[in-house]
Amino acid sequence: MRKAILATLLIAIAAFAGPVRPGSVFAGDSNVDPGARVAGTTGPCEDPARAEFLLCPDLKVARPSEIYEDRKTLPGRVLLRATNNIKSRGEGPMELRGRRDRARSMNVTQAIQRTDGSWARFPIQARLRFVNVGATYGGSFWKVGNPLRFELWRVDQSRRKTRLARIGPKQFYCFRDLKRTRSGPLSPVDPVYPACNQNPRERKVTLGTSVGWSDIYPSTYDEQWIDVTGLRGCFAYVLRLDPVNLLHELDRKNNVSQRIVRLPWRPKRKKGCPRA
């Protein structure tokens with residue numbers, strides 16, 4: 001209750017003051033939180049005593065959709081493409097701040113808003129890289145590594161996953177406010193986090209997704225596929241958020257979604273694997 005009241009007040013103050021650009025408070029942030037998570041330890045959003053004073057993010061992933069077979073991108077290979085929808089549904093935004101430390105990459109600090117309106121910063125093991133996705137998809141962008149993974153699992157007759165069969169090639173994504181998919185008192189009406197930065201000389205970059213917004217990549221986009229060449233039978237097409245446990249968030253139990261598919265793929269098949 002306390003969080004909800006404070007969060008509502010923060011939104012009202014922000015609305016009165018006007019829009020704030022992502023990362024504009026970088027220089028005014030407090031010192032790095034002394035409890036920043038080390039790999040294998042409990043993060044700030046998983047510790048009730050610390051989370052009480054934070055508006056922690058929570059990412060969810062929708063089931064893979066708009067699935068279709070692609071035989072053109074890689075001649076001789078069969079690719080099963082899918083759309084992914086990363087949804088921000090927490091108490092505050094997922095915000096990542098990159099700072100240049102190498103020629104084409106940045107270290108990353110996750111910024112989490114406190115209930116008093118200030119920001120706590122937590123260095124994490126994620127990396128931002130300047131990635132070229134090709135002219136067809138807009139060229140090069142600053143993106144974060146490993147926020148989502150495409151997986152294909154063999155399943156038994158009860159649709160339980162038994163063995164990992166394939167992993168998709170895509171490793172880099174750009175968190176952004178692409179589409180407002182759920183309204184609410186914590187969700188800004190207008191986008192706060194813009195499209196991916198395309199300046200290769202940028203020294204600092206902020207990526208993020210606001211509460212109630214989604215970052216969606218269509219099935220037609222670069223590397224939105226799993227190579228299913230030669231596979232036959234029943235499988236789970238899985239989308240797994242934060243597969244290497246880099247991000248701080250409220251709930252990790254909602255980080256996986258799946259759809260059952262039978263291979264070879266037939267979009268109008270009515271028999272075979274039951275629909276998920």
Side-chain angles (χ1 to χ4, degrees), residues 1-30 33 43-45 51-62 83-98 108-122 124 126 128 138 141-144 147-148 173-199 202 204-218 241-242 247-252 254-255:
M1 184 66 178
R2 180 182 179 183
K3 281 189 178 181
I5 294 172
L6 287 171
T8 302
L9 288 173
L10 287 172
I11 291 172
I13 293 171
F16 178 79
V20 179
R21 293 177 54 205
S24 60
V25 293
F26 199 105
D29 283 348
S30 63
D33 191 295
C45 296
E52 180 181 358
F53 302 100
L54 298 172
L55 299 177
C56 286
D58 184 26
L59 298 182
K60 298 182 179 181
V61 60
T83 291
N84 73 262
N85 176 359
I86 301 175
K87 303 181 289 185
S88 180
R89 297 290 187 263
E91 299 172 342
M94 173 62 70
E95 182 170 308
L96 304 179
R97 302 176 181 182
V108 177
T109 297
Q110 181 174 342
I112 302 178
Q113 194 168 20
R114 297 190 181 97
T115 53
D116 64 3
S118 63
W119 292 80
R121 292 185 293 150
F122 302 89
I124 58 177
L128 261 61
F141 304 87
W142 285 103
K143 298 192 176 192
V144 64
L148 181 71
Y173 294 76
C174 174
F175 286 124
R176 54 191 170 161
D177 286 343
L178 182 67
K179 184 177 181 179
R180 193 175 188 228
T181 49
R182 178 181 292 180
S183 60
L186 301 181
S187 176
V189 175
D190 297 315
V192 176
Y193 299 94
C196 307
N197 189 297
Q198 293 190 269
N199 181 1
E202 200 71 71
K204 294 185 292 185
V205 169
T206 297
L207 307 179
T209 305
S210 301
V211 177
W213 286 73
S214 285
D215 184 16
I216 302 171
Y217 282 89
L241 278 169
D242 194 18
L247 305 175
H248 299 304
E249 56 173 326
L250 283 173
D251 185 4
R252 299 184 185 280
N254 54 22
N255 282 9

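Since the structure is predicted, the reported quantities are computational estimates derived from the model, not experimental observations.
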Test side chain to side chain contact (heavy atoms under 4.5 Å, CB included) on T109 and I124 and set out the steps. CA-CA 6 Å; T109 297; I124 58 177; over 6 Å; no
Is there a side-chain contact between [X] and [Y] in this structure, where contact means two heavy atoms from C-beta onward sitting under 4.5 Å apart?
X	Y	result
F175	V144	yes
W142	C196	no
C56	H248	no
L207	F141	no
L241	I86	yes
E249	N255	yes
R97	Q110	no
P57	L250	no

Quick check for you: to the nearest 0.5 Å, what is the distance between [X] atom [atom1] and [Y] atom [atom2]?
X	Y	atom1	atom2	value
S118	I112	OG	CD1	12.0 Å
S183	L186	OG	CG	11.5 Å
Q113	L54	CD	CG	10.0 Å
T209	E95	OG1	CD	10.5 Å
Y217	N84	OH	CG	8.0 Å
T206	L96	OG1	CG	9.0 Å

With no hydrogens and no angle check, is any side-chain donor or acceptor of [X] less than 3.5 Å from a backbone partner on [Y]?
X	Y	value
N254	K60	no
S187	V211	yes
N85	I216	no
W213	P188	yes
Q198	G138	yes
R176	D215	no

Using the test side chain to side chain contact (heavy atoms under 4.5 Å, CB included), find all partners of A195 that sit at least two apart in sequence or belong to another chain. none
I'd like to know if R89 pairs up with D58 as an ion pair, taking the criterion as any Lys NZ or Arg NE/NH1/NH2 lying under 4.0 Å from an Asp or Glu carboxylate oxygen. no
Only counting residues at least two apart or in another chain, list the ones meeting side-chain hydrogen bond (donor to acceptor under 3.5 Å, both in side chains) with D251. none
Can you confirm whether the side chains of S214 and T181 place a donor and an acceptor under 3.5 Å from each other? yes
Which heavy-atom pair separates C45 from A51 by the least distance, and what is that distance? O-CB, 3.9 Å
